[in-house]
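Here the structure is laid out as structure tokens; the discussion comes afterwards.
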There are 2 protein chains.
Amino acid sequence: MNQNVARGGVGRRTIHDVALAAGVSTATVSRVTSGNYPVAKATRARVERAMRELGYVANANARALARSNSNLIGIIISDMVDPFFAYVARGVEIEASSRGLMSLVCPTRGAMTESDFVDMLLERRAALIVLVGGAVVDENYHQAIRERHERLAAAGSRLVLCGRPGVGGPAPVTAVEYDNVGGARAITDLLLNAGHRRILYLGGPPALSTTRARVHGFVSALADRGIDQPAELIRTGQFSRSWAQQGLHDALDEGADFTAVFAANDIAAAGVYAAARERGLRIPQDLSVVGYDDVPVARELNPGLTTVEVPLEALGREAVRAGLRDSGSSDPQASDEPTVLGTRVIHRESVAAPNPSRRPSRRQDRPGAGTR
Amino acid sequence: MNQNVARGGVGRRTIHDVALAAGVSTATVSRVTSGNYPVAKATRARVERAMRELGYVANANARALARSNSNLIGIIISDMVDPFFAYVARGVEIEASSRGLMSLVCPTRGAMTESDFVDMLLERRAALIVLVGGAVVDENYHQAIRERHERLAAAGSRLVLCGRPGVGGPAPVTAVEYDNVGGARAITDLLLNAGHRRILYLGGPPALSTTRARVHGFVSALADRGIDQPAELIRTGQFSRSWAQQGLHDALDEGADFTAVFAANDIAAAGVYAAARERGLRIPQDLSVVGYDDVPVARELNPGLTTVEVPLEALGREAVRAGLRDSGSSDPQASDEPTVLGTRVIHRESVAAPNPSRRPSRRQDRPGAGTR
DNA sequence: CTGCTGATAGAAAAGGCTTACTGTTCGAGT
DNA sequence: ACTCGAACAGTAAGCCTTTTCTATCAGCAG
């Protein structure tokens, strides 16, 4: 065997070593590894043998430089321990790794912003960047997304929006969404059908597209029954458990009148459960509660939380499919209409008919009483 | 301004453009961006201005190639939606991004194996690879880890073990662990102090180092009180909720005699709760339950789960600190002793004194009865 | 026998950044 | 006034692959 020493790298073989060992040029080796150019059968075999014997593994960085495109896919999420994002990220990862792409997860909860991460991914020439989760859709939104999209396109990266509004126009940005309005409407109907008329909507950042859509579905379901939702029964803030917990306490302290709570998501619902327990309110006898997302905690809550299932993992998978789809066809219209995935109601035990004898009220219920 | 067109890339500026615009050589620009070589103040300012004006962003792939080391850090975990791993990964990510490294998450639950990912990370010249979670420690373990370690070291990558046994020897592999034995012992003592003598250990893959250590802590705490744990009360299998749920049903069906359950982790504990509810067993009156890890679900279970807190995020952070620590000092002994993080018991409401009148028994309790 | 075509394979030029070397400048020491 | 060395900046050789041309070779039609 050709015992030439590896140059460069730290003791690693390069395409050069393989070429020498196989008695071909580096170009041929490259053609064998990338497989997108004809190589004679015998030659291919020799090259493959040399690669095996030398334990050759291509330098992905050199490849990325030469191709000016890396096989990396950036997943920009808010927080990787939040199950909503974890499941979407998993979907992205599954679809990515099935195509040989590696997933860079970029949580914006820490010191880095979405924009920092986009820059870093740009430097890396990531193949695809998936922006996950709701966004603040103000007058700058479309402009900002479009600019980002163009900047990325110029560098050969693709952008896909996942769970936030698409951006149309002459060069639409690929988007994959799920049905927030429909889901909210469906679960509100469920509450309505159980007899509730005064429902507290609790949680979610007010400016976030997700919140807007859910609230919209909620309010319009009520409106369809001729119910006018009072402003004091829509309390937005954050998606967190602690915010919702405090939120329920506040609403009760202020004497708000409601028999059910629509928590902005399941995590918030957990906060509602906690506060209800602290108030000695039984779910669902004294208070019905519904959530959104159907993340695993929904089933661990006691009683089980009735909620809206969001196809989180499918959302992630679909995002990379859509993002990579039109790689071949140069037809920009292909990605014009955003994909939207359906949601469905998951029935558990947290909803019952309103209890006329016992309604949530001011602090006369001693707090901290526990479940019993 | 110098309006030279960007060469190469797709419309992007290169270090060359910046050099031209600033009237310096590319070497100088490089020195400004990397900051590891003195540059006169005025020159630096000019270069920085040029970069800003051109919107220059370095090509990370070219840099990685030239430096033969990318600013990537691989996190090899079993599953990104499992909170145990999600929290560790978050710790890694936080520490990584504070050093300008990006995190590649590599879940081995899918089609890829740990070894596949290691290869891919090798191709990329990842700066650090963190292997998270317990491992099957058989006769090959040390050998395999050591080999992997050497292969990585040869390519300039570092390896750190996180939550699995370290590998000593002449060139020890950096490891960061947490105290499984001590934690298990402590929470077993808590059960013992509450009066329990017959405790079922439930869950966790039998061969996994994590399971071994937890069971060891459990058994030795019992032994310290002169209790000999019968084999039928150690039931290992998987960490999953569903496995544990079925496991409790099986144990009960087989008439096993116990008053408390030590679930291998909190997720398994959730399964125990579910099965207990299906059996009409009240926690903690009829059955005490403890878990391990203290992931968020522990607090949502009702009653709150008494468990062992594992500093998951700190574990991840410490792993990258330790892995990157001895970059400077070439002293290999620096990482000899694995770091081990402490655990502590979190008291909630799932433990009570054993109930003499009511003990878990065969199927006479009608299943599916719910909580009420 | 000549010129052409198709299938392969090689040479060499990117691709963008880092860094060892090699200057150059300028102030300080003598 | 002269040498020395610090401080800074430029030159150019990498780092490893990909890919565009170009060359070679067989086989074949004319």
Side-chain angles (χ1 to χ4, degrees), chain A residues 4-47 50-51 54 56-71 122-125 155-156, chain B residues 4-48 50-51 54-71 122-125 155-156:
Chain A
N4 38 62
V5 182
R7 299 136 357 99
V10 196
R12 289 207 74 63
R13 323 315 299 234
T14 71
I15 198 175
H16 220 91
D17 300 317
V18 176
L20 237 45
V24 298
S25 72
T26 60
T28 301
V29 178
S30 171
R31 296 199 259 254
V32 169
T33 60
S34 66
N36 49 20
Y37 197 87
V39 174
K41 216 151 184 184
T43 316
R44 173 185 302 278
R46 245 179 325 139
V47 171
M51 292 199 297
L54 294 177
Y56 169 71
V57 12
N59 183 320
N61 295 127
R63 171 171 297 172
L65 173 59
R67 295 220 259 242
S68 71
N69 165 305
S70 67
N71 62 348
L122 211 53
E123 293 182 33
R124 288 235 104 78
R125 304 290 189 273
Chain B
N4 38 63
V5 182
R7 300 141 350 100
V10 195
R12 290 207 71 63
R13 323 314 300 232
T14 72
I15 198 175
H16 220 88
D17 300 317
V18 176
L20 235 46
V24 298
S25 72
T26 60
T28 301
V29 177
S30 171
R31 295 200 260 255
V32 169
T33 60
S34 67
N36 50 20
Y37 198 87
V39 173
K41 221 156 180 182
T43 316
R44 173 185 302 277
R46 245 182 321 142
V47 171
E48 279 167 351
M51 293 200 294
L54 295 177
Y56 170 71
V57 11
N59 182 319
N61 295 128
R63 171 172 296 172
L65 174 59
R67 295 218 260 243
S68 71
N69 166 304
S70 67
N71 62 349
L122 210 54
E123 292 182 33
R124 287 234 105 79
R125 305 291 190 272

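Proteins come first, then strands; the chains are lettered A, B, ... in the order of their sequence lines, and each starts at number 1.
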Legend entry - Closest heavy-atom pair and its distance - A:Ala19, A:Ser25: CB-C, 3.7 Å
Legend entry - Candidates D:dG14, D:dT17, C:dA11 - which lies nearest the side chain of A:Ala27: C:dA11
Inset, instruction - Kindly compute the distance separating CG (B:Asn59) from CG (A:Leu122), expressed to the nearest 0.5 Å. - result: 10.0 Å
Inset, instruction - Rounded to the nearest angstrom, tell me the gap between atom OH in A:Tyr56 and atom C1' in D:dT17. - result: 7 Å
Inset, instruction - Using a heavy-atom cut-off of under 4.0 Å over every strand shown, decide if B:Ser30 touches base, sugar-phosphate, or nothing. - result: base
Inset, instruction - Let me know the distance between CZ of B:Arg67 and C1' of D:dC16, rounded to the nearest Å. - result: 17 Å
Inset, instruction - Map A:Tyr37 and A:Thr33 onto DNA chain D by nearest heavy atom, then report which one ends up closer to the 5' terminus. - result: A:Thr33
Inset, instruction - Have a look at A:Val39 and say if it touches a base, only the backbone sugar-phosphate, or nothing, with a 4.0 Å heavy-atom cut-off. - result: sugar-phosphate
Inset, instruction - Whole angstrom is fine here: how far is it from CZ in A:Arg125 over to C1' in C:dG15? - result: 10 Å
Legend entry - Interatomic distance where CD1 belongs to A:Ile15 and C1' belongs to D:dT18 [whole Å]: 8 Å
Legend entry - Shortest side-chain distance from B:Arg31, nucleotide among C:dG16, D:dA9, D:dT17: D:dA9
Inset, instruction - Would you mind classifying the nucleic acid contact of A:Ser34 as base, sugar-phosphate or nothing, using non-hydrogen atoms under 4.0 angstrom? - result: nothing
Inset, instruction - Give B:Ala58 one of three labels, base, sugar-phosphate or nothing, depending on what nucleic acid heavy atoms sit under 4.0 Å from its own. - result: sugar-phosphate
Inset, instruction - Among D:dT18, D:dT11, C:dG10, find the nucleotide with the atom closest to the side chain of B:Ser25. - result: D:dT11
Legend entry - Interatomic distance, A:Leu20 CG vs C:dA9 C1' [rounded to whole Å]: 16 Å
Legend entry - Between P of C:dG16 and CZ of A:Arg63, the distance in whole Å: 18 Å
Legend entry - Euclidean distance, atom CG of residue B:Leu65 to atom P of C:dT19 [Å, nearest integer]: 12 Å
Inset, instruction - Go through the structure and list residues passing side-chain contact (heavy atoms from CB on, under 4.5 Å) with A:Ala58, not counting sequence neighbours. - result: A:Tyr56, A:Arg63
Inset, instruction - When you get a sec, tell me which of C:dT8, D:dC8, D:dT17 is the closest nucleotide to the side chain of A:Ala40? - result: C:dT8
Inset, instruction - Could you state the atom-to-atom distance from CG of B:Asn71 to C1' of C:dC17 in whole Å? - result: 13 Å
Legend entry - N/O donor-acceptor pair under 3.5 Å between B:Thr33 side chain and B:Ser30 backbone: yes
Inset, instruction - Could you check which of C:dC17, D:dA12, C:dG10 has an atom nearest any side-chain atom of B:Ala62? - result: C:dC17
Inset, instruction - Select one nucleotide: of C:dC17, D:dA9, C:dA9, the one nearest the side-chain heavy atoms of A:Thr28. - result: C:dA9
